[in-house]
Engineer: 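Pasting a structure here, questions to come.
Quick note: numbers below take in every heavy atom, side chains included, and nothing from hydrogens, waters or symmetry partners.
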Amino acid sequence: MTRRVYIRTYGCQMNEYDSDKMADVLAAADGYELAAAPEEADVILFNTCSVREKAQEKVFSDLGKVRHLKRAKPDLLIGVGGCVASQEGGAIVARAPFVDLVFGPQTLHRLPELIAARRRSGAPQVDVSFPEIEKFDALPPALGSATRAGPSAFVSVMEGCSKYCSFCVVPYTRGEEVSRPFDDVLTEVADLADRGVGEVTLLGQNVNAYRGRMADGEIADFALLLEYVAEVPGLERVRYTTSHPKEFTQRLIEAHARLSKLAAHVHLPVQSGSDRVLAAMKRGYTAIEYKSIVRRLRTTRPGISISSDFIVGFPGETEADFEQTLKLVADLGFDASFSFVYSRRPGTPAAELADETAPAAKRARLQRLQALLEAQAHAIDESMVGTVQRVLVEGPAKKDPNELAGRTANNRVINFAGQPRLIGQFVDLVVERALAHSLRGAVRGVEHAPPAAVAS
């Protein structure tokens, strides 16, 4: 009898990658197939994120929505993984006693054993330990994740964070920075390319902090890893996220000049333009140092797109501090970026800081910041009209399944009329219009061959 697993993913691209690996682990060990809906599943897994408070609460709300399924199917197992699992541990079972499995990001490879132990003992299984690199050593080959990924795929190159920013829970939920062995990353990328993936995104909480051991015992930095990944036959484009300014070395900057396959887009969270706030956040750099990185990047790779993350209303942020953030945004001309009102996370140093700014003032600041960021992003959209963009065709357009959608090197979604056989290929599109949240384009000239046949 076929067993099925339904996986609900919350949060970041790291979680999307982990969810694929959960599916691969269960497929390799027990033949599980993916279920399209919770009602079809024998195991339901929630792969959670605890970066935002609302996202954490949503997990418990969603758990309540599937509780009734156990009445109709008593053997159904419900599990919670990811960062909320690491942070809450056994408290999840105390709050939701119908939960059978609780596992962290570093123990997802133990899912078959946890499921077997739950069925054997009848007791909930909790494993939120940090066995470091064991996770990657134990993962099976990408059985279905390459197929699920389509023409693009994620590859995790490192886990955890050792920066201990005062607002962030990641070091406590995913552990400190651990890099995968150099050859393991290349093997996974090569396997994906062999399966027809034309674009990979290298992932890590601080991906540019990568320090992986090579076969000869030497340690490779992230710039060297990028050089080798770019040489993998069949790949046409390489992305990475998320970077930390403290780890953005000159070697990495120069890689953007040397490697034509490296996408002309960098996501580099700054969080604030105020040195006082950055110090309170324990970010480890100043606004001037951040500006220097961006200016060197743009000198090295003219036209590169820079996006960022911003936290508004961090404890103690004054109006003057916020104005410095607005100035930084205006000075650097950020592309599409993410911005949020500060969310207090239990267990972090910032949770103990006095916070006297009214919520309404924080929301007003966020609206001003988002308006500026959106205006800048739209100006970049407008500047692209009339240009030719190399686009990876990802599939049908969301709003019109009779059309196709692709992604430009600078991470723009562009919709256009085209034949389904173009899906998975790189094509050249002329940008015709800039819309509110996407571009409109048309195929230019002849259609290109699949990524595997494109010359480096």
Side-chain angles (χ1 to χ4, degrees), residues 12-14 16-18 20-21 24-25 28 105-106 108-109 130-143 145-146 149 152-163 170-171 174-195 197-244 246-263 266-268 451-452 456:
C12 63
Q13 293 168 327
M14 288 291 293
E16 293 181 38
Y17 175 86
D18 281 351
D20 270 348
K21 293 307 174 186
D24 285 340
V25 165
Q106 312 298 12
L108 67 86
H109 61 288
F130 294 95
E132 295 189 343
I133 205 69
E134 177 191 311
K135 165 184 168 179
F136 292 112
D137 290 341
L139 290 177
L143 301 176
S145 55
S152 62
F154 299 128
V155 176
S156 180
V157 304
M158 64 170 298
E159 285 273 345
C161 179
S162 302
K163 301 298 184 288
V170 169
R174 284 187 176 262
E176 296 206 335
E177 293 165 358
V178 178
S179 297
R180 291 180 69 183
F182 189 82
D183 287 349
D184 286 6
V185 175
L186 294 181
T187 298
E188 183 170 346
V189 172
D191 181 60
L192 290 167
D194 286 344
R195 294 168 181 249
V197 170
E199 174 186 289
V200 296
T201 300
L202 305 183
L203 299 178
Q205 269 75 32
N206 294 313
V207 69
N208 53 338
Y210 176 83
R211 299 293 185 273
R213 188 170 298 279
M214 303 177 74
D216 61 4
E218 294 294 315
I219 301 298
D221 66 0
F222 188 60
L224 184 61
L225 179 65
L226 286 174
E227 290 180 15
Y228 275 73
V229 169
E231 292 296 322
V232 172
L235 285 184
E236 183 162 340
R237 183 176 291 159
V238 180
R239 302 182 188 271
Y240 61 90
T241 193
T242 294
S243 301
H244 194 290
K246 284 184 68 175
E247 303 284 356
F248 220 98
T249 64
Q250 185 60 31
R251 275 176 49 80
L252 179 53
I253 290 172
E254 291 168 356
H256 280 272
R258 295 194 309 273
L259 305 178
S260 60
K261 292 184 181 180
L262 199 51
V266 168
H267 186 69
L268 189 60
S456 299

Engineer: If we only count heavy atoms from C-beta on, is the Asp18 to Glu159 side-chain gap below 4.5 Å?
Structural biologist: yes

Engineer: Please name all residues satisfying side-chain hydrogen bond (donor to acceptor under 3.5 Å, both in side chains) with Asp184, sequence neighbours left out, ordered by chain then number.
Structural biologist: none

Engineer: Assess whether a salt bridge exists between Lys163 and Glu177, defined as any Lys/Arg side-chain N lying under 4.0 Å from an Asp/Glu carboxylate O.
Structural biologist: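 Salt bridge flag = yes for Glu177 with Lys163.
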
Engineer: Is there a side-chain contact between Thr242 and Val207, using heavy atoms and a 4.5 Å cut-off?
Structural biologist: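 Contact flag for Thr242/Val207 side chains = no.
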
Engineer: Is the shortest heavy-atom distance from the side chain of Leu268 to the side chain of Phe248 under 4.5 Å?
Structural biologist: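 In short, these two side chains touch, coming nearer than 4.5 Å.
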
Engineer: Report the distance from atom OG of Ser152 to atom CG of Leu235, rounding to the nearest 0.5 Å.
Structural biologist: 11.5 Å

Engineer: Answer yes or no: is there a side-chain heavy-atom contact under 4.5 Å between Ser156 and Met14?
Structural biologist: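 A side-chain contact under 4.5 Å exists here.
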
Engineer: Could I get the full list of salt bridge (charged side-chain N to carboxylate O under 4.0 Å, His left out) partners for Glu16, not counting sequence neighbours?
Structural biologist: none

Engineer: Short question: side chain of Ser243, backbone of Asn208 - any donor-acceptor pair under 3.5 Å?
Structural biologist: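 Looks like no, no N/O pair under 3.5 Å.
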
Engineer: Does the side chain of Leu203 reach to within under 4.5 Å of the side chain of Thr241, using non-hydrogen atoms?
Structural biologist: yes

Engineer: Please tell me if the side chains of Leu224 and Met214 come closer than 4.5 Å, counting only heavy atoms from C-beta onward.
Structural biologist: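 With C-beta onward as the side chain, the pair touches.
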
Engineer: First locate atom CD of Glu176, then atom CE of Met158, and finally report the distance between them rounded to the nearest 0.5 Å.
Structural biologist: 10.5 Å

Engineer: Between Val178 and Gln106, is there a side-chain heavy-atom distance shorter than 4.5 Å?
Structural biologist: no

Engineer: Nearest heavy-atom pair of Cys161 and Val170: which atoms, and what distance?
Structural biologist: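 Answer, listing the atom of Cys161 first, then Val170: CB-CG1, 3.8 Å.
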
Engineer: Just jot down the side-chain hydrogen bond (donor to acceptor under 3.5 Å, both in side chains) partners of Gln13, sequence neighbours excluded, or say none.
Structural biologist: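 Counting only residues at least two positions away or on another chain, Gln13 forms no side-chain hydrogen bond (donor to acceptor under 3.5 Å, both in side chains).
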
Engineer: Would you mind listing every ring pair (Phe, Tyr, Trp, His ring centres under 6.0 Å) that reaches into residues 214-235, with sequence neighbours excluded?
Structural biologist: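 For residues 214-235: Phe182-Tyr228, Phe222-Tyr240.
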
Engineer: With rounding to the nearest 0.5 angstrom, report the CZ to OG1 distance, Arg237 to Thr201.
Structural biologist: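 If we round to the nearest 0.5 Å, Arg237:CZ and Thr201:OG1 are 10.0 Å apart.
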
Engineer: Any idea which heavy atoms bring Ala193 and Pro233 closest together, and the distance?
Structural biologist: CB-O, 3.5 Å

Engineer: What is the minimum heavy-atom distance between Ala215 and Asp183, and which atoms define it?
Structural biologist: CB-OD2, 3.4 Å

Engineer: Does Val238 form a side chain to side chain contact (heavy atoms under 4.5 Å, CB included) with Leu259? I'd like the steps, not just the answer.
Structural biologist: CA-CA 9 Å; Val238 180; Leu259 305 178; over 6 Å; no

Engineer: Taking side chain as C-beta onward, heavy atoms only, is Leu202 less than 4.5 Å from Leu226?
Structural biologist: yes

Engineer: Between Lys21 (side chain only) and Leu108 (backbone N and O only), is there a donor and an acceptor less than 3.5 Å apart?
Structural biologist: no

Engineer: Show me the pairs that pass salt bridge (charged side-chain N to carboxylate O under 4.0 Å, His left out) and involve residues 211-220, at least two apart or across chains.
Structural biologist: Arg211-Glu247

Engineer: Using side chain to side chain contact (heavy atoms under 4.5 Å, CB included) as the criterion, list what pairs up with Thr249, not counting sequence neighbours.
Structural biologist: Arg251, Leu252

Engineer: What verdict does the side chain to side chain contact (heavy atoms under 4.5 Å, CB included) test give for His267 and Arg239, after you've listed the backbone C-alpha separation in whole Å, the side-chain angles of each residue and the deciding distance to 0.1 Å?
Structural biologist: CA-CA 10 Å; His267 186 69; Arg239 302 182 188 271; over 6 Å; no

Engineer: So, for Arg174 and Pro105, which heavy atoms are closest and what is the spacing to 0.1 Å?
Structural biologist: NH1-CB, 3.4 Å

